[in-house]
Amino acid sequence: MGGAACETAEFCTQNFKTLMEQEGIHYLLSGEQKVPLPSGIGKTICLLFSANWSRPCNAFIPQLVQAYNTLKGNGQELEVIFVSFDRDENGYKEHIKGMPWLVVPFDVNLQKIIGNVYKVNQIPSFMPLDVSTKLLAKDAVGLIKDYGADAYPFTKKRQEELKALDEAKREGGNLNELFANGIDDSFVYGKGGKLCASDLVGKTIGLYFGAHWCPPCRDFTSQLIEAYNDISTNKDQQFEVIFISTDRDFKEFELSISKMPWPAIPFNSKTRQDLCRIFEVEWIPSLIFLGPNGKTISTNGREMVSSYGARGFPFTEAKILEIETSLMKEKDGLPQQVKDGKHEHVLTLDMAKAYICDFCKKRGSFWAFSCNVCGYDLHPSCIEETL
């Protein structure tokens, strides 16, 4: 592709080749071999700007390697050219280890010139050439992180197509498409055994996103286990939780699922990352409920379980409204204040959706008689004397 084929000079393979020749560089490196500068004819050429000292770069490179190898294996005419932003040659040599694509010889002055020409203001940066800025995806690095090889050819149109596919999976209600593309035995239990995606049909499903390293996740897991076990005692309540780990390694993943009574997406499955993206999970713990038809009924599952426990099942808006109405009726049947012989102060009726009764030491929820002086709490059923 010649320069005339490019809408903007910044993103043209021919201009890259000319720039290199003007700087006295007439070859690229492929391992120990010198190879001619690419013409771009019949190939998609992409520039990769990266450096060994950058953690985001080191995290991105393995993802790009996987996408690159997949695309090449599928017969795509793609070539990546690495432009180092390393500060010294030792860092450069360390960074290119394992890179399967072409690399520009190390030269600090050259990297500054190329960076200025292509207006690189952050790394990693991934820039397909011969694609105009109007057509190019805004964040090609993010697109590859999210979709891997499916991001090709890294255009806005492809980005929109992928987002549409995500939305279809999120709203479509097809569990086989949502979970591992219909592969059976998609889920594993901490104590051994597997569960098929087909076993979830007709159930209310909680998608639980969490990690062992996250203290709030460990606290919420205990609440969810209690609700899960209570719901499971009623055979008429078809319910399952699927754990989607955001743990940093397999050891943490094993610790996460070791006490969970529900199954998990396998740690080595790309479905974990896909589900985080599809449901736009930005923090953990996060719990999303799917109805028996496979469609999303709530993205606020954590609050529902923390507030209502098993009583909130099946976690629909109608059920929550029913609970709130019932709670108001319960309030009307309770005194506003009591004086109990077990405590020296007057106790006031209060909404406490999760507490421990200081008399029976059991967990309480919703209404409690609380002391405004010292924080003492009693279940309404533990009250012995009323004013």
Side-chain angles (χ1 to χ4, degrees), residues 1-52 54 56-57 60-61 63-65 67-69 71-72 76-87 89 91-93 95-96 98-144 149 151-159:
M1 296 182 183
C6 302
E7 288 188 30
T8 58
E10 291 90 349
F11 296 93
C12 183
T13 300
Q14 188 60 43
N15 288 338
F16 173 76
K17 183 173 183 291
T18 301
L19 174 63
M20 294 288 287
E21 291 172 339
Q22 288 175 345
E23 296 302 320
I25 305 298
H26 300 280
Y27 64 88
L28 298 175
L29 299 175
S30 176
E32 299 295 327
Q33 302 293 321
K34 294 181 179 180
V35 298
L37 294 170
S39 64
I41 298 174
K43 279 192 175 184
T44 299
I45 306 295
C46 305
L47 298 184
L48 167 66
F49 299 89
S50 181
N52 191 57
S54 166
C57 289
F60 175 63
I61 295 302
Q63 296 172 305
L64 182 59
V65 168
Y68 176 86
N69 289 337
L71 290 168
K72 297 288 280 189
Q76 293 290 354
E77 292 296 329
L78 170 72
E79 193 52 75
V80 173
I81 300 173
F82 167 61
V83 181
S84 170
F85 268 41
D86 286 293
R87 301 176 179 122
E89 193 165 5
Y92 164 81
K93 289 180 177 179
H95 202 40
I96 64 174
M99 287 187 178
W101 44 71
L102 303 177
V103 301
V104 174
F106 181 76
D107 185 316
V108 173
N109 292 327
L110 178 63
Q111 72 187 32
K112 290 180 180 179
I113 292 171
I114 299 175
N116 288 335
V117 169
Y118 288 94
K119 300 177 182 178
V120 178
N121 54 24
Q122 66 180 25
I123 55 173
S125 183
F126 187 80
M127 191 176 298
L129 303 180
D130 298 311
V131 177
S132 78
T133 52
K134 293 180 180 180
L135 301 178
L136 186 63
K138 185 176 181 180
D139 179 13
V141 170
L143 196 63
I144 294 167
Y152 182 82
F154 320 112
T155 59
K156 289 179 181 178
K157 180 181 178 182
R158 182 55 179 161
Q159 188 173 34

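When a residue number appears, it is its place in the shown sequence, counting from 1.
With rounding to the nearest 0.5 angstrom, the CD atom of Glu79 is 4.0 Å from the CG atom of Leu102. With values rounded to the nearest 0.5 angstrom, Leu78 atom CG is found 7.5 Å from Ile45 atom CD1. The SG atom of Cys46 lies 3.5 Å from the CZ atom of Phe126; values are rounded to the nearest 0.5 Å. Going from atom NZ of Lys17 over to atom CD1 of Ile81 covers 11.5 Å, rounded to the nearest 0.5 Å. Of the inter-residue distances, the one linking Tyr152 atom OH with Leu143 atom CG reads 13.5 Å to the nearest 0.5 angstrom. Distance check, rounded to the nearest 0.5 Å: CD of Glu23 to CG of Asn109 gives 9.0 Å.
With no hydrogens or angles considered, no side-chain donor-acceptor pair links Tyr118 and Ser125 at under 3.5 Å.
Tested against Leu19 for a side-chain contact (heavy atoms from CB on, under 4.5 Å), the candidates Ile25, Val117, Leu110, Leu37 yield a single pass: Val117. Of the residues Phe60, Phe154, Phe49, the one that meets the side-chain contact (heavy atoms from CB on, under 4.5 Å) test with Val141 is Phe60.
Residue Pro105 comes nearest to Tyr92 through the heavy atom pair CA-OH, 3.7 Å, listed as atom of the first residue, atom of the second, then distance. Pairing each heavy atom of His95 with each of Ile61, the nearest pair is CE1-CG1, 3.9 Å. Smallest separation of non-hydrogen atoms from Tyr68 and Pro100: CD2-CG, 3.5 Å. Taking all atoms of both residues into account, the shortest heavy-atom contact from Val80 to Trp101 is O-CB, 3.1 Å. Here the closest heavy-atom approach between residue Gln159 and residue Lys138 is recorded as OE1-N, 4.1 Å. Taking all atoms of both residues into account, the shortest heavy-atom contact from Cys57 to Ala51 is CB-O, 3.4 Å.
You'll find the side chain of Leu28 stays beyond 4.5 Å of the side chain of Val103, heavy atoms only.
In this structure a side-chain-to-backbone donor-acceptor pair under 3.5 Å is present from Thr155 to Arg158. Between the Gln111 side chain and the Asp86 main chain, a donor and an acceptor come within less than 3.5 Å of each other.
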Next on the checklist: Checking Val120 against Phe85 for the side-chain contact (heavy atoms from CB on, under 4.5 Å) test, could you report, in this order, the C-alpha distance in whole Å, the side-chain angles of both residues, the deciding distance, and whether it holds?
Outcome noted: CA-CA 10 Å; Val120 178; Phe85 268 41; 4.1 Å; yes
